[in-house]
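The next block holds one structure in the form of structure tokens; read it before the comments.
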Amino acid sequence: MLAHGRPNDFAYASVLSVCDSSRGRQVHAFAIKTGFDTCVYVGNSLIAMYSRNISTGGHYSEAWKVFNDMEFHNLVSWNTIIALFQMCGQGDKAMRFFSVMHRDSLGFDRATLVSVLSSLLGMDEIDFSWGRQSCFQLHCVSVKTGLILDVGIVTALVKAYSTLRGDVSDCYKLFLETNGCQDLVLWTEIIVAFSERDPEKAILLFGQLRREGLNVDSYAFSIALKACAGLVTDRNALMVHCEVIKYGFVESVVLGNALIHAYARCGSISQANQGAVRLLDLYSGMCTKPKCCFFVCRYFKEILYRRRLFGLSTALDIHLADCVGTSRWKSITERTLSFKHSVCEMEGFICVGFFGTDLCIFGFA
């Protein structure tokens, strides 16, 4: 193209949409050479390119410099730089920019509000009091502008209030105000909000979700199982387990892990063990590399201390629990791990490896 003519601003925008950071800098340099770097379309594409490639060589300051050098900013420019703040965990800056937009009557849309609300949750150190206050201000703005009628805005508000330790009843009121317009994402978020604070209500909401006729996905099932883990008996876990089978998610590794977690926390060790054995069979067909590490039961230490499974002595309980996360135990599992027979038998336990610092337990010999 360069051999036959001069690219215009739309050509630059199209090329930048598929560039990594290295090639993007080359296109950026050529845009500066040809004078297109200050064009709003090219500038927006440059900001998006640098934002997209932050994890692979891009840098926050490069996108910020492009934004500052632009002669004119449209709504896309502001939304893109706010999305950058969200990606970088700088919710305070995102909120400050939104305040400037609102003060100067620059206008905003659904994408702006969703980005700002999401940025409040991704900060490295969240000030929950400030976060709730900011969330309430955004809530008021969405009501005033009528954007509260958008189910995506309501979903973002529910998630923000829940994550920022707001009153779960406020989340539920927002949910009810969208009566008849709830989608699967909103249903899932309201179940998440109740899963830790009121597990029984979360299970009731999950039952309502199923009756709505929406196609429930594996994530919704995993949240329901998380709620089941907070209850005393395994009755609800068994019910959700039946639904998992009915919906065809039997071979889902995530749900297998969630089932073991729920059964173990409810005290149904036999069911947790059966699930572990099924997962072991599933993993034996999936594992293609040695030293694979799988996450099945992150509450192994708690189970050892509280349940004393299979009559293990206190000394052995402490010994195994103390080994969790240590190089000594890790070296034992890695030395005995193979991808065809990925088990290490030690005092009746079948262990597979680590996920972070959590010991992975598949079953009991």
Side-chain angles (χ1 to χ4, degrees), residues 86 89 91 94-95 110 113-123 125-143 147-232 235-237 239-240 243-244 254-255 257-259 261-262 265-266 298-299:
Q86 173 197 344
M95 191 65 190
R110 172 186 182 276
L113 277 177
V114 171
S115 291
V116 179
L117 283 166
S118 300
S119 70
L120 299 178
L121 313 180
M123 299 172 64
E125 296 182 3
I126 301 179
D127 182 341
F128 291 100
S129 177
W130 174 84
R132 287 193 298 271
Q133 182 182 359
S134 299
C135 185
F136 181 72
Q137 292 173 350
L138 294 171
H139 187 179
C140 293
V141 169
S142 65
V143 172
L147 288 172
I148 193 65
L149 299 176
D150 187 293
V151 68
I153 297 294
V154 175
T155 302
L157 283 168
V158 169
K159 183 175 183 178
Y161 277 127
S162 174
T163 306
L164 295 169
R165 302 176 184 175
D167 193 338
V168 72
S169 62
D170 292 335
C171 299
Y172 192 54
K173 289 177 183 177
L174 275 168
F175 174 78
L176 292 177
E177 287 173 0
T178 59
N179 186 30
C181 300
Q182 297 102 334
D183 59 6
L184 180 60
V185 180
L186 179 54
W187 272 101
T188 305
E189 286 301 333
I190 194 63
I191 294 172
V192 170
F194 279 99
S195 60
E196 291 186 356
R197 306 187 203 183
D198 190 350
E200 291 186 1
K201 181 66 175 179
I203 297 299
L204 289 174
L205 287 169
F206 180 72
Q208 292 179 26
L209 167 59
R210 295 192 345 268
R211 290 191 292 272
E212 286 292 319
L214 297 173
N215 291 325
V216 184
D217 59 9
S218 59
Y219 180 66
F221 276 113
S222 70
I223 299 302
L225 288 168
K226 179 182 178 182
C228 292
L231 300 173
V232 176
R235 181 171 59 88
N236 289 291
M239 177 195 70
V240 177
E243 293 294 322
V244 168
V254 173
L255 290 181
N257 294 335
L259 281 165
H261 173 208
R265 290 294 298 272
C266 294
R298 67 182 306 164
Y299 295 94

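Just so you know, these numbers come straight off a predicted model, no measurement behind them. These values consider heavy atoms only, across backbone and side chains, with no hydrogens, waters or symmetry-generated copies.
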- prompt: When you look at I153 and V114, which way does the side chain to side chain contact (heavy atoms under 4.5 Å, CB included) test go after all the steps?
  reply: CA-CA 6 Å; I153 297 294; V114 171; 3.8 Å; yes

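V154 has its side chain out of reach of L149: every pair of non-hydrogen atoms, C-beta onward, lies at least 4.5 Å apart. Side-chain contact between K159 and L157 is absent, with no heavy-atom pair separated by less than 4.5 Å.
Among all heavy-atom pairs drawn from A227 and P199, the shortest one is O-CB, 3.3 Å. The two residues A237 and A262 have their closest heavy-atom pair at CB-CB, 4.4 Å. Annotation for A94 and S119: closest pair CB-OG, 3.3 Å, computed over non-hydrogen atoms.
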Can you give the donor-acceptor pairs under 3.5 Å from side chains of residues 201-210 to other protein atoms, not counting sequence neighbours?
unit_1	atom_1	unit_2	atom_2	d
K201	NZ	Y172	OH	3.4
R210	NE	E243	OE1	3.4

Below 3.5 Å, can you tabulate the donor-acceptor pairs from side chains in residues 181-194 to any protein atom, sequence neighbours excluded?
unit_1	atom_1	unit_2	atom_2	d
Q182	OE1	G180	N	3.1
Q182	NE2	F175	O	3.2
D183	OD1	V185	N	3.4
D183	OD1	L186	N	2.9
T188	OG1	L184	O	2.8

Name each donor-acceptor pair under 3.5 Å that joins a side chain in residues 131-138 to protein atoms two or more places apart or in another chain, with its distance.
unit_1	atom_1	unit_2	atom_2	d
R132	NH1	L164	O	2.9
S134	OG	W130	O	3.0

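Here the CG atom belonging to L176 is positioned 11.5 Å from the SG atom belonging to C171, to the nearest 0.5 angstrom. Atom CG of residue L174 and atom OG of residue S142 lie 8.0 Å apart, to the nearest 0.5 angstrom. Taking CG of L255 as the reference point, atom OH of Y219 lies at 12.0 Å (rounded to 0.5 Å). With rounding to the nearest 0.5 Å, the separation of OG1 in T178 from CD1 in I148 is 9.0 Å.
Under the side-chain hydrogen bond (donor to acceptor under 3.5 Å, both in side chains) criterion, E196 pairs with K226, not counting sequence neighbours. Remark: S169 engages D167 in a side-chain hydrogen bond (donor to acceptor under 3.5 Å, both in side chains) (not counting sequence neighbours). Residues forming a side-chain hydrogen bond (donor to acceptor under 3.5 Å, both in side chains) with R110 (at least two apart in sequence, or on another chain): D150. Annotation: ring-ring contact (aromatic ring centres under 6.0 Å, His included) contacts of Y161 (sequence neighbours excluded): H139.
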